[in-house]
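The structure appears right after this line, and notes come after that.
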Amino acid sequence: MKKVFFKALAKLNKVLLPSFTKQRLDVSKAKKWQLAIIGWRAYVTKNALD
């Protein structure tokens with residue numbers, strides 16, 4: 001159940017949230033909201049793969 005939820009959430013994130021790797025964002029120069037999005041996407045991806 002948890003894995004299915006996170007897989008669906010990961011697909012939703014892919015559609016709605018910006019991809020900073022495609023924009024070549026330097027993480028050391030990222031703003032707080034950009035770091036929050038990066039962290040959220042990493043959290044969802046980690047849980048979707050487990």
Side-chain angles (χ1 to χ4, degrees):
M1 175 74 180
K2 179 180 171 185
K3 188 173 183 179
V4 173
F5 172 74
F6 277 105
K7 281 192 177 228
L9 192 57
K11 287 185 182 193
L12 187 65
N13 283 346
K14 188 173 184 178
V15 173
L16 295 178
L17 297 178
S19 174
F20 294 121
T21 55
K22 289 181 183 174
Q23 297 175 5
R24 298 203 180 264
L25 176 73
D26 185 11
V27 179
S28 64
K29 295 179 183 176
K31 296 177 181 159
K32 295 287 184 184
W33 65 271
Q34 292 170 325
L35 291 174
I37 291 175
I38 291 169
W40 171 251
R41 290 184 72 151
Y43 172 75
V44 171
T45 301
K46 178 186 171 293
N47 285 305
L49 293 175
D50 283 341

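As the structure is a prediction and not an experimental result, all values here were calculated from the model. Residue indices begin at 1 and follow the sequence shown.
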Could you please spell out the steps behind the side chain to side chain contact (heavy atoms under 4.5 Å, CB included) verdict for L12 and L17? CA-CA 8 Å; L12 187 65; L17 297 178; over 6 Å; no
For V44 against F6, the heavy-atom pair lying closest together: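 V44 and F6 have their closest heavy atoms at CG1-O, 3.7 Å.
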Name all residues meeting the side chain to side chain contact (heavy atoms under 4.5 Å, CB included) criterion together with K3; count only those two or more places apart in sequence or in a different chain, and write none if there are none.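 For K3, the residues satisfying side chain to side chain contact (heavy atoms under 4.5 Å, CB included) (neighbours in sequence not counted) are K7.
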Side chain to side chain contact (heavy atoms under 4.5 Å, CB included) with F20: which residues, sequence neighbours excluded?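 Listed in chain order: P18, Q23, L25, W33, Q34, I37, I38.
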If you look only at pairs with a residue in residues 23-45, which of them pass as a salt bridge (Lys or Arg N to Asp or Glu O under 4.0 Å), with sequence neighbours excluded?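 Not a single pair qualifies under salt bridge (Lys or Arg N to Asp or Glu O under 4.0 Å).
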Going by the rule side-chain hydrogen bond (donor to acceptor under 3.5 Å, both in side chains), which residues pair with T45 if we only count those two or more places apart in sequence or in a different chain?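 If we apply the side-chain hydrogen bond (donor to acceptor under 3.5 Å, both in side chains) test to T45, skipping adjacent residues, there are no hits.
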Rounded distance [0.5 Å steps], CG in L9 versus CH2 in W40: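 That separation rounds to 5.0 Å.
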Partners passing salt bridge (Lys or Arg N to Asp or Glu O under 4.0 Å) against K14 (at least two apart in sequence or in another chain):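 With sequence neighbours excluded, K14 shows a salt bridge (Lys or Arg N to Asp or Glu O under 4.0 Å) to no residue whatsoever.
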Show which residues join V4 in its hydrophobic cluster (side-chain heavy-atom contacts under 4.5 Å, direct or indirect), or state none.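 Members besides V4: none; it forms no cluster.
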